[in-house]
Amino acid sequence: MYSFSPKLKSTSLILLVVGLVLFGIGFFMNHGISTERIKEMMEAVHSAGHNAPTHSSEMVGPQDEASHLEHATMQIHNSPLASIHFVAVFFFGLSCAVLFFYCIQHAAHAGWPIIITRVMEAIASYIPYGGAILVILMLLNIFHQGHIFHWMDPDLTDPTSAHFDVILFEKKRFLNIPFYAIRTFIYVIGASFFAWKLKAQSKKVDDTKSLVEYQFLYRWAVGYIAFFGFASAAWAWDWLMSIDPHWYSTMYIWYSMVSCLSSGIAMIILLSVYLKKNGFLPQFNDNHLHDLGVFLFATSMLWTYTWFAQFMLYWYANVPEEVNYFFGRFQHYGITFLPMLIVNFLLPLLVLVSSSIKRNYKVVTVMAVVVILGHILDYFNMVMPGTVGPYWKTPEVFILILGALLFVVGLFMFTVLTALSKLKLIPTGNPYLHESEIYEYPF
């Protein structure tokens, strides 16, 4: 059994509390920004030669000075909600992707990863807590306590309004508040149910050592794979792509999902190595690490493929509604948008391409941390340009993002390690356990 050390428990709680305090400080600082300072920030952006909107829907409606000031004010005050939103979606997606990876192994009757079954179940235990944060954010949005989804503004779909947006009017059948709320509950409740059911069924397999119960575990795993396939696509539309509702991409659902899957595998590596080095999981060996390194390398390359395919096709087509998504990021997020390819593609390619290096605990662990940070930056680039726009280089935004990260990381650590301490680390009832214990990679 794993024992959640008091020192580590205190660390997670300190991170949670410090994150909450920093976020509160950032919120009140952001709330106190005056109209005069907003005008100064607008002038600074324009004087730098950046006049293009961050997304095409900014060009709809009146374009006078008062309208631009109103829009800038809205973007600046979006900072608190946008900061917690991208972090919350990322960690929820990461946990759901780990459960997806877990279910793939069961559906394929794979033997090698059985040793790390409990690690994956513990990470998936975060799903209901991360989902609760997203439900709270959903309620804040639908009650107009934030404006990160501007399609929720009724004026934009009212044909008699000066702000009428015909594109959003055409998408109203899907992008409407009641349907959005229902879908959010389906994602969160559905994923939470599968996380609970799969963990309970896995425990039942241990208790009974019955192949019949293992068959039920297999069936529930297949069920979650189907659920995740539809839900991860839909929540990418709802929580991320609808931030820029004039723009769409058929690659986006794969792009956002693979980002979480790669990060999820990195998280499995970190937790497995931590257990190994502290003597809780001696059965985890170089061969298991090697295979996890293979998946980390493969998903990093798959993420790069989806990023490049999306970017190349849209940029080459040169259609204003499509290119604007990237152009706003080039103008206002140049130091975060393209450089993230270094940590998400170039470093994994150069470091993890070697088979022998995938057995090096230090190198693979460092790369796991790099990949997680790189994909947090990826989600930052997905959310912030369409919500905060060019007004992100301020102390308030940095404090808000740091606070949101520390809070969610602290909550993630506490829930995952608490869940792990309640699980039997070795799934003794699994029929493939012996295969995992003696697993040896042939190369």
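Remember, it's a predicted structure, so these values are computed and weren't measured experimentally.
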Verdict with reasoning, Asp378 to Tyr255, per side-chain hydrogen bond (donor to acceptor under 3.5 Å, both in side chains)
CA-CA 10 Å; Asp378 183 19; Tyr255 169 68; 2.5 Å; yes

Please check if atom NZ in Lys171 has more than 12 non-hydrogen atoms from other residues, nucleotides or ligands closer than 6.0 Å.
yes

Does any part of the side chain of Ser12, heavy atoms only, come nearer than 4.5 Å to the side chain of Leu417, both counted from C-beta?
no

Is a side-chain donor or acceptor of Glu213 paired with a backbone partner of Gln201 at a separation under 3.5 angstrom?
no

Could you check if a side-chain atom of Phe412 sits within less than 4.5 angstrom of a side-chain atom of Met267, using non-hydrogen atoms only?
yes

Could you grab the distance from atom OG of Ser300 to atom NE2 of His375, nearest 0.5 Å is fine?
5.0 Å

Please lay out, stage by stage, how Val45 and His332 fare under the test side-chain contact (heavy atoms from CB on, under 4.5 Å).
CA-CA 9 Å; Val45 170; His332 306 299; 4.1 Å; yes

Compare every heavy atom of Ala191 with every heavy atom of Leu99, then report the nearest pair and how far apart it is.
CD2-O, 4.5 Å

Rounded to the nearest 0.5 angstrom, the CG-CG distance for Leu15 and Leu20 is 12.5 Å

Rounded to the nearest 0.5 angstrom, the CD-CD1 distance for Glu40 and Ile33 is 11.5 Å

Distance-only, no hydrogens or angles: does the Asn278 side chain make a donor-acceptor pair with backbone N or O of Tyr274 under 3.5 Å?
yes

Could you tell me whether the side chain of Asp153 and the main chain of Asp155 form a donor-acceptor pair under 3.5 Å?
yes

Any non-hydrogen side-chain atom of Leu275 less than 4.5 Å from a side-chain atom of Leu420?
yes

Quick one: does Lys197's side chain have a donor or acceptor within less than 3.5 Å of a partner on Trp220's backbone?
no

Check: Trp254 ring centre within less than 6.0 Å of Tyr305 ring centre
no

Counting distance only, does the side-chain N/O of Asn344 pair as donor-acceptor with the main-chain N or O of Gly374 below 3.5 Å?
yes

Could you go through Tyr187 and Asp238, starting from their C-alpha distance and side-chain angles, then the distance that decides it, and tell me whether this counts as side-chain contact (heavy atoms from CB on, under 4.5 Å)?
CA-CA 11 Å; Tyr187 310 147; Asp238 284 334; 2.5 Å; yes

Enter the distance from Phe23:CZ to Leu400:CG here, rounded to the nearest 0.5 Å.
5.5 Å

So does Phe143 get a backbone contact from the side chain of Gln145, meaning a donor-acceptor N/O pair under 3.5 Å?
yes

Stacked cation flag Arg183 on Tyr180, 6.0 angstrom / 45 deg:
no

Atom pair NZ/CG of Lys276 and Leu271 - distance to nearest 0.5 Å
14.5 Å

4.5 Å side-chain heavy-atom contact, Thr35 and Leu69:
yes

Please test Leu349 against Phe297 for side-chain contact (heavy atoms from CB on, under 4.5 Å), starting from the C-alpha separation and ending with a verdict.
CA-CA 7 Å; Leu349 174 65; Phe297 176 78; 4.1 Å; yes

Looking at Phe193, I'd like to know if its CZ atom is crowded, meaning that more than 12 non-hydrogen atoms belonging to other residues, nucleotides or ligands lie closer than 6.0 Å.
yes

Does the plane of the ring in Trp237 sit parallel, tilted or perpendicular to the ring in Phe174? Use 30° and 60° as the thresholds.
perpendicular

Quick one, Leu289 and Ile269 - any side-chain contact, counting heavy atoms below 4.5 Å?
yes

Taking atom NE2 as the centre, does His31 end up with more than 12 heavy-atom neighbours from other residues, nucleotides or ligands that are less than 6.0 angstrom away?
no

So does Tyr248 have more than 12 non-hydrogen atoms from other groups sitting under 6.0 Å from OH?
no

For Thr336, does its backbone N or O pair with a side-chain atom of Asn381 as donor and acceptor, under 3.5 Å?
yes

What's the shortest heavy-atom distance between Gly130 and Phe92, and which atoms?
C-CD1, 3.9 Å

Should Trp307 and Met251 count as side-chain neighbours, where that means a heavy-atom distance under 4.5 Å?
no

Any donor-acceptor pair under 3.5 Å linking the side chain of Ser161 with the backbone of Thr157?
no

Closest heavy-atom contact between Met367 and Pro348?
CE-N, 3.6 Å

Quickly, which of Trp392, Phe398, Phe90 forms a ring pair (Phe, Tyr, Trp, His ring centres under 6.0 Å) with Phe380? Name it, please.
Trp392

Check: residues 80-89 side-chain donor-acceptor pairs under 3.5 Å, at least two apart:
residue	atom	partner	partner atom	Å
Ser83	OG	Ser79	O	2.7
His85	NE2	Trp239	O	2.8

Determine which pairs satisfy side chain to side chain donor-acceptor pair (under 3.5 Å) with at least one residue from residues 115-129, sequence neighbours left out, and list them in order.
Tyr102-Glu121, Arg118-Glu121, Arg118-Ser202, Arg118-Asp206, Glu121-Ser202, Ser125-Lys199

Are Tyr214 and His106 packed together at the side-chain level, in the sense that at least one heavy-atom pair is separated by less than 4.5 angstrom?
yes

Using the ring of each side chain (for Trp, its six-membered ring), is Phe100 parallel, tilted or perpendicular to Phe228, with breaks at 30° and 60°?
parallel

Walk me through whether Leu156 and Phe164 qualify under side-chain contact (heavy atoms from CB on, under 4.5 Å).
CA-CA 4 Å; Leu156 297 177; Phe164 177 65; over 6 Å; no

Atom pair OG1 (Thr418) and CG (Leu423), whose distance is rounded to the nearest 0.5 Å
11.0 Å

Are Val135 and Phe185 packed together at the side-chain level, in the sense that at least one heavy-atom pair is separated by less than 4.5 angstrom?
yes

What pair of heavy atoms forms the shortest contact from Pro113 to Met120, and how long is it?
O-CE, 4.2 Å

Under 3.5 Å: donor-acceptor pair, side chain of Tyr379, backbone of Ser256
yes

Please name the pair of heavy atoms, one in Val258 and one in Thr299, separated by the smallest distance, quoted to 0.1 Å.
CG1-O, 3.5 Å

Do the rings of Phe326 and Phe337 sit parallel, tilted or perpendicular, given the 30° and 60° boundaries?
tilted

Going by the angle between their ring planes, with limits at 30° and 60°, are His288 and Phe284 parallel, tilted or perpendicular?
parallel

Sidechain-backbone polar pair: Thr387 side chain, Met384 backbone, donor-acceptor under 3.5 Å:
yes

Do you know the tightest heavy-atom contact between Met1 and Lys424?
SD-CA, 3.8 Å

